[in-house]
J.: 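Quick one: this structure, given as structure tokens, is what I'll be asking you about.
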Amino acid sequence: MINSIIYEAQLIGFKEGIKAGLVWLVFYSYLLSNDRKSLAKSFYTGISLSLLLGLSFLLFPESPVSGDFIGNIISMSFALFLIFSGAALYHASGVDLFVFRDGMRSEFVIRTLVFSLTVIFFLPDFTGSAVYLNELAELKENTFMTAVSAAAGIMIAAVIIFSFVRLYKPFWLGSFFAFPQLLLFLAMVKLFGSGIKGISELSLIPSVQRGFIKFIHDLVHQTFVMLMVPDHPLLKKTTWDFIGTFFGPGFASIASLFILLALPALFINHTLFRPLPEPPARTNIARRKTRALMLSDRRKKAVPVIFFMVFIISAWFSYGGEKVLQVYDPEPRPVVADNGVIVIPLKDPVTDVMDGRLHKFSFVHEGEEVRVMVIKKADNSLSVCLDACEICPPSGYGQRDDHVVCLYCSTPIPVNTLGRAGGCNPVPLAADIGDGFIRIELKEIIKKWGFVNSGR
Amino acid sequence: MKQSWFFYFFSKSVSQRKGRVVIASLSIMLAVAVVTGLLGITSGIKEKLGSELKAYGANLIVSSGSGGFLDYDALQAISKLDGVENVSGHVFGMAFINNESIEIIGLDIGSLKETGWRLHGKWPLNEREILAGINLKDALQLETGKAVALSGENGIMEFIISGFLERGGAEDNALIVSLPHAWELLSIDKKLSVVLVRGRAGELAGISGNIEKTVAGTGVKTLRQVAVAEESLLKKIQLLLVLVTVVVLFAAMVSIMSTMGANVLERREEIGLMKAIGATRNNIRLFYFSEAVLTGAAGGAAGFIMGYLFTQAVSWGAFGSFIDIPLYLPALSVAAGLVISLVASHFPVVDALKYNPAVILREE
Amino acid sequence: MTNNKSFIQVRNLVKEYKTAYALRGVSMTVEKGQWINIMGPSGSGKSTLLNIIGGLDNSTSGDVIIDSTDVEALDEDHLAIFRREQIGFIFQQSHLIPYLTAVENVMLAQYFHSMADEEEAGEALKRVGLGQRLHHRPSQLSGGEQQRICIARALINSPGILLADEPTGNLDRDNTEIILELLDSIHREDHFTIVLVTHDPFVSKWGDRVLQMEDGHIVGDEFIKERVKGA
Ligand SMILES: Nc1ncnc2c1ncn2[C@@H]1O[C@H](COP(=O)(O)OP(=O)(O)OP(=O)(O)O)[C@@H](O)[C@H]1O
Ligand SMILES: [Mg+2]
């Protein structure tokens with residue numbers, strides 16, 4: 001246990017080190033091939049500042065910001081770089097950052113740009129890792145060892161990167177990157193290496209996937225509302241099955257993959273398939289030569305983008321369906337009413353409803369199974385709902401991380417919003433929680449369950 | 001203007017020697033097909049064997065060396081050993097129903113669910129429910145849901161039969177009860193007759209040694225029919241796989257190497273000329289390795305299809321059902337084809353790079 | 001004789017084979033735009049000299065400096081780059097790729113230089129009088145026509161130097177004359193340097209200057225007052 005924590009801390013340090021090393025290598029090569037080595041200073045300042053600020057979080061065992069918050073910031077910075085890369089592609093139209101310079105005329109502006117991009121890139125990641133390290137330190141009750149292990153991880157990464165650079169001098173990498181490609185590269189480094197949940201989630205892909213899936217689902221939902229597709233209960237099963245595929249995780253996953261690939265695809269189109277501009281040249285031969293140079297340059301610049309696309313697709317499918325979209329669907333435990341009240345113990349030898357997992361309880365009423373679900377929210381309060389919503393047939397909900405997911409239409413609902421009524425939300429129940437038991441009036445359950453089923 | 005001059009030139013040059021390229025692809029295809037087929041079959045068979053052998057339960061049996069009982073703690077100790085996949089403790093004894101002696105087996109009934117034995121009826125839901133061997137059904141006229149009174153050393157206990165088990169072995173004549181009930185009936189305190197261990201195939205000798213070391217005074221036997229069959233079959237298949245793979249890959253490499261070699265030799269003049277008009281070494285590499293990639297990818301893909309069909313045919317013949325091949329196999333096949341043809345082309349291409357154009361162009 | 005500003009400078013070039021010397025210390029210079037013919041008996045080292053100048057072969061000792069580039073110092077890939085930018089070759093055998101058409105054979109040289117351009121290649125073939133033969137394969141063309149494709153191919157990238165090793169060795173008198181006149185007219189327009197090897201005195205009447213070789217030495221060097229078709 002303790003060993004595994006040390007390894008995990010080491011792994012986190014290693015990951016941050018490799019990330020920083022890779023980014024440095026590519027950026028530095030990029031600067032070299034554009035003859036702007038002097039800009040490296042701004043990068044170093046930025047990364048040092050980020051490291052210091054990030055590390056300072058190690059000093060607060062009670063982190064002032066939550067991991068979730070940083071997770072969101074990281075996702076946002078990923079999105080920022082991704083969108084920036086597209087913007088750069090079109091604003092600079094494939095031309096380099098340093099052509100910006102003519103417009104800006106100020107070295108200072110470029111330096112500031114490099115500096116702030118560096119900070120925006122590294123600060124959230126370093127902070128996230130520091131906060132996660134704090135959590136680890138708490139588990140092990142030894143902040144010092146955790147910090148040392150993480151530092152060892154960073155050192156290992158540094159040695160690897162250093163010797164790799166020493167041995168192979170891979171600065172030719174720079175010729176594969178123009179400014180938009182550089183931003184895209186940064187976004188990809190984020191995507192593949194910025195998860196802040198330690199070993200269990202090294203990359204950002206699962207959470208990006210989740211975000212996209214929720215987004216697509218909501219989009220589909222809104223579209224159907226806009227199209228005024230009548231409420232689900234009125235639809236025949238087959239029709240709903242058809243519409244349901246659009247709500248399903250499979251569709252959302254593929255659609256989100258397309259969204260994520262859209263930008264790289266634009267890059268490919270931009271770099272490979274647009275007609276070459278006619279170079280000004282005196283002779284045929286000179287023109288051919290310039291065109292050939294331009295062609296090989298833009299082919300080179302498509303290479304990293306194609307790599308990213310392949311990576312994204314394979315990562316998407318290797319994470320895909322299984323891990324991210326799996327839901328935890330526990331067997332309901334049978335309960336019986338006692339004097340018209342259902343009593344559920346908060347803790348008994350087999351279950352502890354406060355363990356953060358989804359718990360289901362069932363009883364039979366007039367020949368039909370009625371299910372209740374109980375789950376702990378982040379604020380340690382308990383949410384007690386029917387295992388059904390007002391719209392879908394009562395297939396119930398499963399749990400996926402901090403969401404419950406409708407098993408019928410795949411709508412994910414954050415656990416922390418449970419208790420809201422209406423729509424796809426599970427129907428909340430009035431319950432009396434105290435002295436170790438949850439007490440729910442049987443009448444309350446029956447009434448609301450009847451409401452659920454009335455549409456069918 | 002031609003869209004891509006390179007591909008145009010390349011395809012013209014390849015179609016010039018279609019026969020050669022096709023033969024090279026075919027030899028890769030055969031190699032890949034054999035390897036893919038073997039991989040598919042072994043992984044499929046492994047899975048099938050695995051699930052079929054699991055039905056037997058275990059491949060090691062641990063009992064007290066002196067013929068007495070084992071301590072219940074031994075079970076825990078054994079389960080923690082390396083290579084042990086599954087353990088279950090059994091206690092055997094006799095009890096009476098209506099003065100007829102019946103063998104009873106005490107074990108963790110939940111663990112039976114994984115064995116794949118046939119059950120007529122339901123799994124026991126509570127402490128009072130037990131299972132009976134299928135042969136007892138007629139012998140004692142038992143029925144599911146019916147109560148039986150068992151008399152043991154400590155008096156009479158009542159149980160309800162929830163279902164009948166069928167395995168085709170000694171268990172079919174026994175009553176299967178939970179361990180605590182067996183201890184109560186037999187009036188022994190937390191003892192086991194045997195511990196059945198499922199160890200990882202191929203490591204059984206090591207595991208049984210470890211068990212004997214860990215739990216003093218035990219005897220460990222392999223369940224011969226099971227263990228021997230399982231281990232030797234897997235070993236034989238794996239050995240065969242390795243041998244055939246090596247031979248087939250070697251043959252394919254040699255064949256590609258000679259095809260490529262002939263190709264390069266035949267086109268000395270062309271190579272010399274390309275060098276004279278300014279082709280760099282990379283230009284020439286690109287040219288020949290493209291051909292290797294084409295041959296390798298085509299051969300690999302075709303080989304996969306052949307190997308797949310072969311696998312399914314064999315499986316149909318042997319098991320009467322199709323096998324699920326691992327998902328990575330198609331990618332692996334194409335990659336194998338590429339590796340074979342690239343490695344084999346390497347040497348002829350290095351030769352081609354060494355040609356001195358001055359010498360070649362003078363010849364004739 | 002040595003002039004530091006000459007376009008081609010060859011100093012003390014020696015080429016030694018295991019069994020024999022092909023060149024035994026050859027020095028010469030060629031000015032830019034000059035057409036020089038090298039004559040001599042078989043085995044005197046003419047082809048060897050030409051190949052070393054063109055970077056196809058390397059010498060045992062000595063220097064070859066072309067347009068202030070030390071050819072002997074270049075590695076294999078830079079030599080290839082140098083060849084595709086600076087040198088055009090014509091050989092006695094045409095060495096055309098049999099499965100490519102005339103225009104495609106020219107495009108191959110464009111491809112290695114930079115990129116293929118069919119229109120330009122077609123123009124070049126028209127210039128050597130093969131406008132009607134663009135899409136014929138070499139086997140469908142006469143020896144003279146094949147050699148004309150070679151000229152187009154050798155000159156397609158505007159090299160500074162054309163190296164021709166017995167370009168008319170396989171041709172009859174009429175075709176020889178056609179080829180040489182063609183070379184002459186292109187040379188007058190484009191002013192590249194020509195080094196042409198021949199043992200045919202008829203051929204050496206074209207050009208500005210004749211070098212005589214014998215047994216790996218240069219034994220004669222004379223300027224031709226007036227080109228055959230010059231005036
Ligand atoms: N690869 C070789 N190995 C050994 N000797 C060679 C080799 N190449 C050429 N030689 C020798 O070098 C000498 C010069 O050859 P080279 O081809 O330059 O003569 P040449 O003047 O071009 O003759 P020709 O008029 O017959 O073409 C000859 O004696 C030849 O035998
Ligand atoms: Mg010769």
Side-chain angles (χ1 to χ4, degrees), chain A residues 29-30 32-35 89 93-96 99 164-178 180-181 267-307, chain C residues 32-33 67 69 75 77-89 102-128 130-131 134 149-162 186-193:
Chain A
S29 316
Y30 168 75
L32 281 187
S33 68
N34 284 288
D35 215 8
L89 183 70
S93 200
V95 192
D96 250 330
V99 180
F164 176 73
V165 170
R166 255 306 167 81
L167 273 177
Y168 298 103
K169 304 233 175 325
F171 295 118
W172 43 262
L173 273 174
S175 61
F176 287 91
F177 290 87
Q181 274 86 351
F267 265 68
I268 294 298
N269 178 47
H270 182 90
T271 42
L272 281 190
F273 298 116
R274 290 217 314 205
L276 274 180
E278 211 34 61
R282 270 184 308 117
T283 65
N284 252 341
I285 292 129
R287 205 187 61 228
R288 254 199 282 137
K289 223 173 140 174
T290 330
R291 280 173 67 95
L293 278 179
M294 283 157 69
L295 259 183
S296 91
D297 184 60
R298 71 182 202 176
R299 278 187 192 144
K300 268 187 168 175
K301 288 190 171 142
V303 170
V305 183
I306 290 174
F307 259 92
Chain C
K32 194 169 182 141
D67 201 6
T69 307
D75 68 23
D77 282 333
H78 284 95
L79 208 55
I81 292 168
F82 165 78
R83 271 201 299 271
R84 70 191 188 200
E85 305 263 336
Q86 284 294 340
I87 312 273
F89 280 105
V103 70
E104 286 163 0
N105 264 292
V106 177
M107 285 162 74
L108 189 63
Q110 289 176 322
Y111 166 72
F112 288 130
H113 172 267
S114 50
M115 60 195 293
D117 179 346
E118 186 163 2
E119 206 176 307
E120 191 195 339
E123 286 299 320
L125 283 174
K126 273 180 207 142
R127 201 174 173 201
V128 297
L130 291 177
L134 297 185
I149 301 178
C150 291
I151 294 176
R153 179 176 68 186
L155 297 178
I156 189 69
N157 298 319
S158 293
I161 305 172
L162 178 68
I186 299 178
H187 181 241
R188 276 168 204 284
E189 282 173 35
D190 290 357
H191 310 294
F192 45 89
T193 309

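Proteins come first, then strands; the chains are lettered A, B, ... in the order of their sequence lines, and each starts at number 1. Excluded from the calculations below are hydrogen atoms, water molecules and symmetry mates; all remaining heavy atoms, backbone and side chain alike, are included.
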J.: Which heavy atom of K289(A) sits nearest to which heavy atom of S114(C), and what is that distance?
T.: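 Shortest heavy-atom separation between K289(A) and S114(C) comes out as CA-CB, 3.7 Å.
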J.: When rounded to the nearest 0.5 angstrom, what is the spacing between NE2 in H113(C) and CD1 in I285(A)?
T.: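 CD1 of I285(A) is found 7.0 Å from NE2 of H113(C).
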J.: Please determine whether the number of non-hydrogen atoms from other residues, nucleotides or ligands lying under 6.0 Å from atom CG of D75(C) exceeds 12.
T.: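 More than 12 heavy atoms, drawn from other residues, nucleotides or ligands, come within 6.0 Å of this atom.
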J.: Quick check on E123(C) against chain A: is it the side chain, the backbone, both or neither that has a heavy atom closer than 4.5 Å?
T.: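 When you check distances to chain A, no heavy atom of E123(C) falls under 4.5 Å.
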J.: Could you tell me which non-hydrogen atom of R288(A) sits nearest to which non-hydrogen atom of N157(C), and how far apart they are?
T.: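 That closest heavy-atom pairing would be NH1-OD1, 2.9 Å.
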J.: Counting only heavy atoms closer than 4.5 Å, note whether L295(A) contacts chain C via side chain, backbone, both or neither.
T.: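 For L295(A), the side chain is the part near chain C, not the backbone.
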J.: Could you pull out all residues at least two apart from K300(A) that satisfy salt bridge (charged side-chain N to carboxylate O under 4.0 Å, His left out)?
T.: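 Partners of K300(A) under the salt bridge (charged side-chain N to carboxylate O under 4.0 Å, His left out) test: none.
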J.: Under a 4.5 Å cut-off applied to non-hydrogen side-chain atoms, are R287(A) and D117(C) in contact?
T.: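 Sidechains of D117(C) and R287(A): in contact.
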